[in-house]
Number of protein chains: 2
Amino acid sequence: MLDATSSTATQIRHGATDNTGGQHDTTDKAVNDTASPTTPVDDRTGQRIVPETAHSIARRPENRYGNRPTMKDVAARAGVGLKTVSRVVNGEPGVTPDTERRVQEAIEALGFRRNDSARVLRKGRTASIGLVLEDLADPFYGPLSRAVEEVSRAHGSLLINGSSAEDPDREQELALALCARRVDGLVIIPAGDDHRYLEPEIRAGVATVFVDRPAGRIDADVVLSDSFGGARDGVAHLIAHGHRRIGFIGDMPRIHTAAERLRGYRAAMEDAGIPVEEGWMSLGVTDPERVRRAAEEMLSGPAPVTAVFAGNNRVTVTVVRVLAEHARRVALVGFDDFELADLLRPGITVVAQDPARLGRTAAERLFQQLDGSLLTPERIELPTRLIARGSGELPPAD
Amino acid sequence: MLDATSSTATQIRHGATDNTGGQHDTTDKAVNDTASPTTPVDDRTGQRIVPETAHSIARRPENRYGNRPTMKDVAARAGVGLKTVSRVVNGEPGVTPDTERRVQEAIEALGFRRNDSARVLRKGRTASIGLVLEDLADPFYGPLSRAVEEVSRAHGSLLINGSSAEDPDREQELALALCARRVDGLVIIPAGDDHRYLEPEIRAGVATVFVDRPAGRIDADVVLSDSFGGARDGVAHLIAHGHRRIGFIGDMPRIHTAAERLRGYRAAMEDAGIPVEEGWMSLGVTDPERVRRAAEEMLSGPAPVTAVFAGNNRVTVTVVRVLAEHARRVALVGFDDFELADLLRPGITVVAQDPARLGRTAAERLFQQLDGSLLTPERIELPTRLIARGSGELPPAD
DNA sequence: CCCGGCTGTGACAACGTTGTCCAGGCTCTA
DNA sequence: TAGAGCCTGGACAACGTTGTCACAGCCGGG
């Protein structure tokens with residue numbers, strides 16, 4: 001089976017130009033080549049005698065990448081003008097049905113496809129937007145990017161995306177590469193905290209929306225979840241169930257969302273009049289191993305915490321693992337929902353964001369910018385939702 | 001609870017400063033316009049830049065369609081030739097340090113960024129590849145697309161991607177749109193089963209690799225998981241633990257992977273000499289509700305199944321939910337691993353694919369095609385791995 | 001009969017970049 | 001000091017498309 005498919009490969013790849021289309025192509029090219037009388041052609045006339053330049057070799061059909069028919073080729077084959085082909089391809093009015101048919105046939109026969117690079121160059125707009133996120137594989141960003149893609153698609157745009165891996169330099173590199181591609185707009189989940197590098201781009205008309213975390217040192221549209229309020233509610237939920245010694249495990253406070261969630265934790269504790277002890281908080285841990293150590297630490301000692309608030313889904317999952325091995329029952333509320341949270345025993349109580357809505361809102365805002373219907377940058381905060389599933393309702397076990 | 005936050009998004013207007021709007025916008029432009037065509041340099045430098053946000057500048061009508069400095073502008077400002085700027089921008093040799101410095105300063109001052117559309121048009125290669133997948137939000141495709149992105153990045157390419165939503169027409173539309181953008185290559189997770197529409201593109205030099213499912217009716221590189229073998233092993237695992245009445249719930253058999261897994265199921269049963277009853281198989285169900293009904297059906301009746309083999313991760317998750325509500329303990333093996341499968345009680349035994357490796361392999365093969373180092377299309381099958389976690393080792397409960 | 005407008009078509013110039021090739025100015029050697 | 005050769009810089013033509021404009025033919029109304 002494998003051999004059979006392999007053997008036909010070369011025929012399909014390279015063989016097809018020999019008999020049918022090949023003659024036509026070369027004839028057309030020859031006509032085209034000699035048909036520019038305006039230039040004072042010394043090298044042109046000598047072309048047959050002079051040894052090949054790199055250029056002429058590069059122009060040989062078999063060596064040229066993208067040796068594709070152009071509108072000129074289609075026009076020649078259909079016996080019409082270049083612009084008429086353009087009109088047909090773009091569905092512009094003012095072409096006789098008969099002419100249109102001839103052009104369509106030529107397009108079909110040559111396998112022509114419009115070169116959008118050239119089109120972009122001419123028209124200015126690329127009908128594509130860029131998405132810079134942290135990690136394509138993070139389940140939180142899946143729905144978010146899909147939402148962006150859907151809105152994008154609805155506006156006839158393609159989506160180019162890349163991951164910054166939480167590295168500010170890489171974020172910048174990516175964003176600027178996208179700008180060089182002349183994307184119409186950018187949706188960015190920031191890794192860094194200084195985005196002044198985007199100022200020339202924004203000034204040049206690149207629509208820009210930041211999601212999940214705010215932009216740094218520039219004025220721009222931002223779409224966020226209410227991290228502060230969500231965390232405060234989640235911690236208050238634990239307090240309402242009788243907990244007083246509550247731990248907090250979160251990401252580096254230089255990340256805005258992490259800082260906000262920490263602030264929410266502190267606010268809830270303060271509202272309840274509970275002084276926070278230093279050992280209850282673990283900041284800046286991300287990798288599972290360190291989260292594990294941090295959790296075990298605050299669960300041991302003379303006055304261990306009876307509940308944990310986890311700052312994001314990765315932390316939550318690790319804490320769930322630690323608690324599963326733990327004798328005493330410890331309450332848990334996590335920020336971010338995750339699949340199967342309801343299937344665990346107990347189900348995991350979470351403060352849920354709506355990543356799809358984040359993405360949708362950001363993308364819609366982007367296209368509003370492009371419409372010109374948006375005048376002032378705004379900061380939009382989407383609400384979070386507390387989903388009680390059991391783990392957050394466990395009473396304190398002293 | 002949470003009514004206040006959950007009803008609407010909180011919108012906070014961010015400090016967008018001046019309202020000195022549009023009047024002198026147009027005046028500035030008028031000056032600029034009349035002076036620029038012949039000698040564009042000095043008035044640019046002399047122009048006073050009033051403190052304004054990047055946004056208010058971008059909103060000016062003449063900037064709306066992205067008017068940006070070009071190499072020509074940079075050249076004029078630096079007092080050098082066009083090509084010299086090009087050399088500096090591309091790091092080509094043959095420019096005096098002093099000249100280079102002048103050019104760099106001009107670039108900085110004007111906020112110039114090379115227009116890659118024009119570059120692409122000229123050079124032929126776009127340094128971007130397209131990824132057509134089924135659903136960006138599906139956790140299975142997260143690691144896959146990240147792997148593709150990483151390889152792509154290592155080769156200096158950007159990744160453009162879109163979701164086909166399992167719709168062949170949309171797949172085709174997307175793939176061809178990407179070709180019109182002149183991506184250098186395509187990684188496709190096929191939704192349809194006829195890809196002859198890609199023949200002109202492949203012939204024109206677009207590298208193409210299919211992942212997860214084979215290409216239809218064309219000869220192309222394919223990277224797959226060993227669905228047949230994996231399913232056979234998984235079902236054999238259940239048989240080895242004493243099961244004979246084993247159910248199978250999978251996707252539509254028109255999807256290649258689904259058909260292969262069904263075939264694996266049948267093979268394992270046949271190897272064990274167990275005749276398969278019609279009611280044990282449920283094909284073509286995807287949405288949770290129908291999976292649920294199918295599962296409940298085969299778990300009821302006079303001779304219910306004692307074990308279920310689930311054809312993909314979405315099915316597995318739904319079956320887990322059904323079994324959780326079920327009195328009798330039913331064994332389960334699922335195709336595809338998923339996060340937290342180990343945390344459930346019992347842990348879910350799965351036949352794991354390696355989506356990241358699928359993506360990486362496909363992307364590497366793509367760039368090999370682009371190097372010219374690949375001549376013949378191949379079909380690569382990656383092995384699966386059975387991970388026993390408990391649910392697949394439950395004995396039959398009759 | 002002419003005139004003005006309308007319709008279908010095509011020639012041509014941009015869009016911003018890079019490859020090619022040539023022109024000066026320089027250094028180095030005889 | 002002149003010729004050869006190198007280094008730097010710039011003019012120009014592509015790349016494939018679309019916007020502008022002009023032109024030819026045709027119509028109906030005066």
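Order of the sequence lines sets the chain letters (A, B, ...), proteins ahead of strands, with each chain counted from 1. Bear in mind that the values here come from a model prediction, so they are computed numbers and not experimental data.
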Quick check on dG10(C): is either OP1 or OP2 less than 4.0 Å from any side-chain nitrogen or oxygen of Thr84(A)?
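Yes, because at least one side-chain N or O of Thr84(A) sits under 4.0 Å from OP1 or OP2 of dG10(C).
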Can you tell me how far P of dC15(D) sits from CG of Leu82(A), to the nearest Å?
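It is 12 Å, rounded to the nearest whole Å.
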To the nearest angstrom, how far is Phe112(B) atom CZ from dG16(C) atom C1'?
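Atom-to-atom, Phe112(B) to dG16(C), this comes out as 8 Å.
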Distance, rounded to the nearest Å, where Leu110(A) contributes CG and dG16(D) contributes P:
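In whole Å, dG16(D) P lies 14 Å from Leu110(A) CG.
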Rounded to whole Å, please give me the gap between CZ in Arg68(B) and P in dG16(C).
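Value for this atom pair: 11 Å.
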On DNA chain D, compare the nucleotides closest to Arg87(A) and Ala118(A); which residue's is nearer the 5' end?
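Per heavy-atom nearest nucleotide, the more 5' residue is Ala118(A).
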For the residue pair Arg181(B) / Asn115(A), report whether a side-chain donor-acceptor contact shorter than 3.5 Å exists.
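Asn115(A) vs Arg181(B): no donor-acceptor pair found between side chains.
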Separation of dG16(D) C1' from Asp116(A) CG (nearest whole Å):
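To the nearest whole Å, that distance equals 11 Å.
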Looking at DNA chain D, which of residues 91-105 of chain B put a heavy atom within less than 4.0 Å of it?
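Gly94(B), Val95(B), Thr96(B), Thr99(B), in order of number.
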With each end axis built from five pairs of C1' atoms, what bend angle do you get for the helix from dC1(C)-dG30(D) to dA30(C)-dT1(D)? Round to 10°.
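One end axis against the other gives 60°.
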Whole-Å distance separating the CZ atom of Arg114(B) from the C1' atom of dT17(C)
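Result: 9 Å.
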Salt bridge (charged side-chain N to carboxylate O under 4.0 Å, His left out) with Arg101(A): which residues, sequence neighbours excluded?
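Per chain and number, Arg101(A) pairs via salt bridge (charged side-chain N to carboxylate O under 4.0 Å, His left out) with Asp98(A), Glu105(A).
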Assess, by modelled atom type and distance only, whether the side chains of Tyr197(B) and Glu173(B) contain a donor and an acceptor separated by less than 3.5 Å.
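There is no such pair between these side chains.
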I want to check one thing: is the phosphate of dC15(C), taken as OP1 and OP2, less than 4.0 Å away from some side-chain N or O of Asn115(B)?
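Looking at the OP1 and OP2 atoms of dC15(C), neither is under 4.0 Å from any side-chain N or O of Asn115(B).
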Do Ser163(A) and Glu149(B) have side-chain N/O donor and acceptor atoms under 3.5 Å apart?
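A donor-acceptor contact under 3.5 Å links the two side chains.
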Does Arg122(A) place a side-chain N or O at less than 4.0 Å from the phosphate oxygens OP1/OP2 of dC15(D)?
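For dC15(D), OP1/OP2 do not have a side-chain N/O of Arg122(A) under 4.0 Å.
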